[in-house]
Amino acid sequence: MLRRVHLIAVLGILLAFTAACTNKKSVNPLAGVGSKQPDKVLFDKAMDAMRHNRFDVARLTLQTLINTYPDSEYIARAKLAVGDSWYAEGGTAALAQAEQEYSDFEIFFPNMPEAAEAQLKIANIHYQQMEKADRDYTHAKRAEDEYRKMILTYPDSKIVPEAKRKLLEVQEVLAEREFGIGRFYYLRESYPASIARLSSLLEKYPLYSRADEAAWLLGQNYEGQMARIRNSPTCDAKGFPRGCVSEAAKAKYAEEFTKDAAKAYDKILTRYPLMDRAEDAKRRLAALHQAIPRPTKAAVAQNKAEIESRGESSMMQRMTGLIKKGPDVAKATQVGDPNLVEPEPIAATSVVRQETIGAMGMADKTAIGAEIVKPDQPGLAPSADANSTIQTPLGVTIKDPTPAPAATNDPNELKPTASADSNELTPNAGDQNLPPPTQVNEIPQGASSSKDSAKSNNDSTPASDEDISSSKKQKKKGLKKVIPF
C-alpha cells in the first residue's frame, strides 16, 4: 500500500513539472468572438474553406450567412467573397459567374472602397482571357472598356495605377491588331483602307511601341496614292479614255498627297524622334522637297522615357509564345497615361472623299451645305445638276461639290416693308478701333519667371543633334546580338 502511494506521488510531481515547463498555450478558436456573433463564425469558416481551395463549401457557407443574417455587418464582405471564390476557382464558366457577382456588388454597394476592386477584377477577368493580336479581340476590347470604366468611375482609388498599367498593355495588343490590318491593306495596295486604319491607330494609341512604323506606312500609303495618280492615263480633249485624269487634276492630287505624306513623316520626327524610322523620315522629306522639323527637348525626353520603360521578351518567352494563348505585352510602355476616350473611327470612303474634295480646291473639307426647298413655291425648284456625281480616279463616286447656280427671285414673293427701329443699338464707329485690354497676369517682355528657369519636361526649345544622338538607344553589334547578357 505504501508503495502505491509513493508511486502516485511521483507521477503527480512529474505531471506538475511537465505542465510547468511547456510553452504551448491552448487556443480557443472562438476567443474574442463570443457566442453572440454567429455571422462572424460563418464568415471565418468560409474564409478558411477558401484558403484550402474548397470553393463549394465556402460559397454554401457564405450563402447561409447572407440568407440567415441579412442585416449583418459582414453582408458586403460575404457578397464580395462569393465573387472571389468563383474568381479563384478559374475556368470560363467560373469567371463568368465571378463577373456577374462583382457587377451585383457594384450595384448594391457603389460607395464602398471595395467597389473599385470589384470593377478592377471584372477587367482582369477579360485580361486573363485575352488572346493574341491576330486572334479574336473580343476580350481585349472588353478589358479596355472595363479598365476605362474603372479609372473614370473611381479616379481616387489606390488601385488606379495598376488599372492604367494593365490598360496600356491591353491597348498595346489592340494597336498591334490595327497595325497588322493596316499593313495588310498596304501590301495589297488598298491605300485608302490602310490610311483609315493607320490614322485611327495613331490617334487612339499614341503610346504604341511601333507607332513610328505606323506613321512610316501612313506616309508610304500617301506616296503610293501619288504614284497611282501619276501613272493613270491623261484625258484628251473629249475626256477619254475612261478613268482618265487631267494634268491639272494630277497636279492638285500630287500636291495634296505630298502634304499628307509630309505630315505623317513630320509626326515621326516631332513625336518619336528616337525611334528607328526617324532617319528614314528625314530622307523622305528631303526627297519630297519638304522642310525637316526639329523635335523639342520635351519630346526627346518623353520618347526616351517611353523607350526605356519597355521590356524585352526573353528567349524562353519567345519560344513558349508559339504555344501560349495569351499575347506578349513585354513591349508595352510603363509611362504615360492611356487613352480614355474612344475617338470616332475613320472610314476608307471618308478618306477618299476628303482627298478628292481637297484636290478640287475647296477651302473647307468638312463643310456640309443644306438647302430647304418648298415644292409648291415657284422659282426654287432644284436644278438638274443638283444630284450629279463625279467618278474619282481613286475608284469612289462622290457628290459634285460644285455649287449650284443661284435661283431667280420670285416677283410675287412678299417682302417685309417695316422701317428700321429707331431704338435699335448700332455700333459706334469710334469704338471699333479700341485697343485690347491689358492682361493682368501677362509677363513683360524680357522678364523671366521662376518656372522658366527650372528644367522640366515642358521644355519647348528645339533639341540639338547631340541631345538626340545621346538619347538614342545604342544598337547591339557583333556577338552581342546573339548573346542575351
Q: Less than 4.0 angstrom from a charged side-chain N to a carboxylate O is my criterion; do Arg283 and Glu279 meet it?
A: no
Q: Which pair of heavy atoms, one from Tyr87 and one from Ala98, lies closest together, and at what distance?
A: N-CB, 3.7 Å
Q: Side-chain donor-acceptor pair under 3.5 Å between Tyr208 and Gln171, yes or no?
A: no
Q: Only one of Glu146, Glu99, Glu144 clears side chain to side chain donor-acceptor pair (under 3.5 Å) with His126; which?
A: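 Only one option passes, and that is Glu99.
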Q: Using a strict 4.0 Å threshold on nitrogen-to-oxygen distance, state whether Lys132 and Glu176 make a salt bridge.
A: no
Q: Quick one: does Val160's side chain get under 4.5 Å of Pro155's, heavy atoms only?
A: no
Q: Does atom CZ of Arg183 have more than 12 heavy-atom neighbours, drawn from other residues, nucleotides or ligands, at distances under 6.0 Å?
A: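 12 or below, so no.
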Q: Tell me whether the guanidinium CZ or amine NZ of Lys79 lies under 6.0 angstrom from the six-membered ring centre of Phe108 and within 45° of its axis.
A: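 The answer is yes; both the distance and angle limits are met.
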Q: Identify, with sequence neighbours excluded, every residue that meets ring-ring contact (aromatic ring centres under 6.0 Å, His included) alongside Phe43.
A: Tyr74
Q: Any idea which heavy atoms bring Met275 and Ile307 closest together, and the distance?
A: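 Of all heavy-atom pairs spanning Met275 and Ile307, the closest is CG-CD1, 4.1 Å.
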Q: Looking at every non-hydrogen atom in both residues, tell me the closest pair between Asp39 and Ser72 and how far apart they are.
A: OD2-OG, 2.5 Å
Q: Would you check if Leu288 and Glu223 make a side-chain contact, meaning some heavy-atom pair closer than 4.5 Å?
A: yes
Q: What distance do Arg142 atom CZ and Tyr137 atom OH have between them, rounded to the nearest 0.5 Å?
A: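 Reported to 0.5 Å precision, the distance equals 13.5 Å.
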Q: Do Gln100 and Asp104 meet the criterion of a side-chain donor-acceptor pair at a distance under 3.5 Å?
A: yes
Q: Heavy atoms, side chains only, cut-off 4.5 Å: are Arg284 and Trp216 in contact?
A: yes
Q: Heavy atoms, side chains only, cut-off 4.5 Å: are Ser157 and Glu117 in contact?
A: no
Q: For a quick test of reading the model, state the closest non-hydrogen atom pair linking Ala81 to Leu62 and the distance between them.
A: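 Of all heavy-atom pairs spanning Ala81 and Leu62, the closest is CB-CD1, 3.6 Å.
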Q: Return the CD to CG distance between Glu255 and Asp260, rounded to the nearest 0.5 Å.
A: 10.5 Å
Q: For residues Phe109 and Leu80, determine if any side-chain heavy atom of one lies less than 4.5 Å from a side-chain heavy atom of the other.
A: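 When only atoms from C-beta onward are counted, Leu80 and Phe109 do not touch, as no gap falls below 4.5 Å.
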Q: Quick one: does Asn221's side chain have a donor or acceptor within less than 3.5 Å of a partner on Leu217's backbone?
A: yes
Q: Does the Ser350 side chain pair with the main chain of Ile346, one donor and one acceptor, at a distance under 3.5 Å?
A: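 Not at all, since once roles are kept as given, no pair shorter than 3.5 Å links the two residues.
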Q: Looking only at non-hydrogen atoms, find the nearest pair between Leu65 and Ile75 and report the distance.
A: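 For Leu65 and Ile75, the tightest heavy-atom pair comes out as O-CD1, 4.3 Å.
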Q: Can you find a pair of side-chain heavy atoms, one from Glu189 and one from Arg228, that are under 4.5 Å apart?
A: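 They are in contact (side-chain heavy atoms under 4.5 Å apart), so the answer is yes.
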Q: Please report the interatomic distance CG(Leu120) to OH(Tyr102), rounded to the nearest 0.5 Å.
A: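 Reported value, rounded in 0.5 Å steps: 10.0 Å.
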Q: Main chain of Ser190, side chain of Ser194: is a donor-acceptor contact present, judged purely on distance under 3.5 Å?
A: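 No, because the side chain of Ser194 does not come within donor-acceptor range (under 3.5 Å) of the backbone of Ser190.
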Q: Once you round to the nearest 0.5 Å, how far does CE of Met226 lie from OH of Tyr191?
A: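 If we round to the nearest 0.5 Å, Met226:CE and Tyr191:OH are 11.5 Å apart.
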Q: With distance as the sole test, does Glu178 use its side chain to make a donor-acceptor pair with the main-chain N or O of Leu174 at under 3.5 Å?
A: no
Q: Is there side-chain contact between His139 and Glu131, with heavy atoms separated by less than 4.5 Å?
A: no
Q: Output every pair passing salt bridge (Lys or Arg N to Asp or Glu O under 4.0 Å) with a member in residues 329-341, not counting sequence neighbours, ordered by first then second residue.
A: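 Those involving residues 329-341 are Lys164-Asp337.
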Q: Could you work out, with salt bridge (Lys or Arg N to Asp or Glu O under 4.0 Å) as the rule, every residue matching Glu342, not counting sequence neighbours?
A: Lys141, Arg148, Lys204
Q: Going from CD on Glu89 to CH2 on Trp86, what distance comes out if it is rounded to the nearest 0.5 angstrom?
A: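 With rounding to 0.5 Å, CD (Glu89) is 5.5 Å from CH2 (Trp86).
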Q: Should we count OH of Tyr185 as having more than 12 external heavy atoms under 6.0 Å?
A: no
Q: Among Lys282, Gln220, Gln290, which one satisfies side chain to side chain donor-acceptor pair (under 3.5 Å) with Tyr265?
A: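 Per the side chain to side chain donor-acceptor pair (under 3.5 Å) rule, the option paired with Tyr265 is Gln220, out of Lys282, Gln220, Gln290.
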Q: I'd like to know whether Glu306 forms a side-chain contact (heavy atoms from CB on, under 4.5 Å) with Leu274, so could you lay out the CA-CA distance, the side-chain angles of the two residues, the decisive distance to 0.1 Å, and finally the verdict.
A: CA-CA 10 Å; Glu306 293 170 358; Leu274 304 181; over 6 Å; no
Q: Could you grab the distance from atom CE of Met150 to atom CD of Glu162, nearest 0.5 Å is fine?
A: 8.5 Å
Q: Could you walk me through whether Gln119 and Ile122 satisfy the side-chain contact (heavy atoms from CB on, under 4.5 Å) test, starting with their C-alpha distance in whole Å, then the side-chain angles of each, then the deciding distance to 0.1 Å, before giving a yes or no?
A: CA-CA 5 Å; Gln119 179 60 37; Ile122 291 176; 4.0 Å; yes
Q: Step by step, work out the salt bridge (Lys or Arg N to Asp or Glu O under 4.0 Å) result for Arg59 and Asp56.
A: CA-CA 5 Å; Arg59 283 192 290 269; Asp56 294 337; 2.7 Å; yes
Q: Walk me through whether Asp44 and Asp48 qualify under side-chain contact (heavy atoms from CB on, under 4.5 Å).
A: CA-CA 6 Å; Asp44 293 340; Asp48 182 71; over 6 Å; no
Q: Would Glu256 and Lys252 pass as an ion pair if we require N to O under 4.0 Å?
A: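 Looking at Lys252 together with Glu256, the answer is no, because their closest N to O distance does not fall below 4.0 Å.
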Q: Testing the basics here: between Ala332 and Gln334, what is the closest heavy-atom pair and its distance to 0.1 Å?
A: O-NE2, 3.4 Å
Q: Tell me, do Ser232 and Lys250 make a side-chain contact under 4.5 Å, heavy atoms counted?
A: yes
Q: In terms of side-chain geometry, is the basic nitrogen of Arg318 or Asp328 positioned less than 4.0 Å from the acidic oxygen of its partner?
A: no
Q: Is there a side-chain contact (heavy atoms from CB on, under 4.5 Å) between Asp266 and Leu285 once you walk through the steps?
A: CA-CA 8 Å; Asp266 288 348; Leu285 286 173; 3.3 Å; yes
Q: Identify whether NZ of Lys or CZ of Arg in Lys166 sits under 6.0 Å from the centre of the six-membered ring of Tyr127 and within 45° of that ring's axis.
A: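 Ring-cation test returns yes.
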